[in-house]
Amino acid sequence: MVVSIRKGTDEAQIQNLVEWLKSLNLEIHRSEGEYDTVLGLVGDTSHVDIDLISGLTIVSNVMRISEPYKSANRKFHPDDTVIDINGFKIGGGNFQFIAGPCSVESPEQICSIARDIKSAGANLLRGGAFKPRTSPYAFQGMRAEGLELLEKAKAETGAPIVTEIMDLSHLPLFENVDVIQVGARNMQNFELLKELGKTDKPILLKRGLAATMEELLMSAEYIMAGGNSKVMLCERGIRTFEHYTRNTMDISAIALLKEKTHLPIIADPSHAAGISRMVRPLALAAVAAGADGLMIEVHNDPAHALCDGPQALRPEEFAKIVKEANAIREIMTKF
Ligand code: PEP
Ligand code: MN
């Protein structure tokens, strides 16, 4: 971090600031320019409040040189993190398909889709029991009963369960859930992230609707700072001025996050476009960009789905994407 001091500042005030920064375990390199005094802060600046320093009257400018996230940063952990979900690995060259309906609707629906996605090549089953809906009058999910149905589908197929938590108070219900999803709308629910940091469950953290990549990484940092390093990041489209698609899939985020962090990156092309026929091209683009996994909404009867039907794929459409995605991965490792 580099701090520029305003011209004409009293030496005693500069010394006060230097002493305070030293008390934060930082080494200070001072240089006198023609117009400015510049302080170079060396050490772990992730705990330094940049806004507090910028607000000081003697400071003209503050620039962060290193990223404010440490645990998620590839700089301090060059090897890819590999997360093992009941024997299914993700990250570090291991790829997984996570598939299933937007929401669990009935025992027949979830068990039939679970069988279909398994035979198509997906190892993990997704399904929402608690649904974050824009309208309070829309289907809110089967809640605790939905979690029980997911467990039933898991017992039948062996597919680990991925499902979304919306509130801290529901955590005890998630004991048998294999991967806890934090939805886009909760990406910055910091109290929830802190509690998930105390668990040892893998967490699928979705990017907020208007979150920057750094904000997503800082949210991962919240979970990791609590001691849970099993975090996967999910690009699910961000809100832009475009309205032909539900969101805009940020493919560049997949490639860039792979550079910035060692955590596995999952792509969700279903929520990105919101249109079923767009899922295939976006899924394949995400694989080519280096994603470690795909999360895709699959329904056995999209026209009658209680949630997100327009973006749901039929099992046979999903099966085709699995084959194509695997072919792309094969080509990528060949050259
Ligand atoms: C979901 O995965 O069903 C979901 C609600 O996703 P998001 O939080 O990305 O909108
Ligand atoms: Mn959905």
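Numbering of ligands and ligand atoms starts at 1, following listing order.
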TODO: Any atoms of ligand 1 less than 4.0 Å from a non-hydrogen atom of G183? List them with their elements.
DONE: 8 (O)
TODO: Give the cluster check for I113 versus L147: same hydrophobic cluster or not, with ILVMFWY residues linked at side-chain heavy-atom distances below 4.5 Å.
DONE: yes
Task: Per atom 10 (O) of ligand 1, closest listed option by heavy atom (E297, R236, R207, R246) - done: R236
TODO: Please work out which of K206, Q311, R126, M187 has its closest non-hydrogen atom nearest to atom 7 (P) of ligand 1.
DONE: K206
Open item on the list: Looking only at N, O or S atoms in D308, which is nearest to the Mn ion (ligand 2)?
Closed with: OD2
Open item on the list: Within a 6.0 Å radius of atom CZ on R277, are there more than 12 heavy atoms belonging to other residues, nucleotides or ligands?
Closed with: no
Open item on the list: Only N/O/S atoms count here: what is the atom of E297 closest to the Mn ion (ligand 2) called?
Closed with: OE2
Open item on the list: Ring-plane angle category for F318 and F97, please: parallel below 30°, perpendicular beyond 60°, tilted otherwise.
Closed with: perpendicular
TODO: Give the residue and atom name of whichever protein heavy atom lies nearest to atom 8 (O) of ligand 1, and the separation in Å to one decimal.
DONE: A184 N, 2.8 Å
- [ ] For K131, take its heavy atoms, then give the atoms of ligand 1 lying under 4.0 Å from any of them.
- [x] 1 (C), 3 (O), 5 (C)
- [ ] Do me a favour and list the nearest non-hydrogen protein atom to atom 4 (C) of ligand 1 with residue, atom name and distance?
- [x] H271 NE2, 3.4 Å
- [ ] Could you tell me whether the Mn ion (ligand 2) has an N, O or S atom of H271 under 2.8 Å away?
- [x] yes
TODO: For E11, look at atom CD and say whether over 12 heavy atoms of other residues, nucleotides or ligands are found less than 6.0 Å away.
DONE: yes
Task: Over 12 non-hydrogen atoms of neighbours within 6.0 angstrom of NZ in K258 - done: yes
Open item on the list: Could you tell me if the side chain of P202 sits less than 4.5 Å from the side chain of D178, heavy atoms only?
Closed with: no
Just list the side-chain donor-acceptor pairs under 3.5 Å for residues 48-57, sequence neighbours left out, or say none.
unit_1, atom_1, unit_2, atom_2, d
D49, OD1, D51, N, 3.0
D49, OD1, L52, N, 3.3
S54, OG, I50, O, 2.7

Task: Pick from E164, M166, R133: the one approaching atom 5 (C) of ligand 1 most closely through a non-hydrogen atom - done: E164
Open item on the list: Please tell me whether H299 and E105 have a donor and an acceptor in their side chains that are separated by less than 3.5 angstrom.
Closed with: yes
Open item on the list: Geometry only, no angles: is Q181 polar-contacting ligand 1 at N/O separations under 3.5 Å?
Closed with: yes
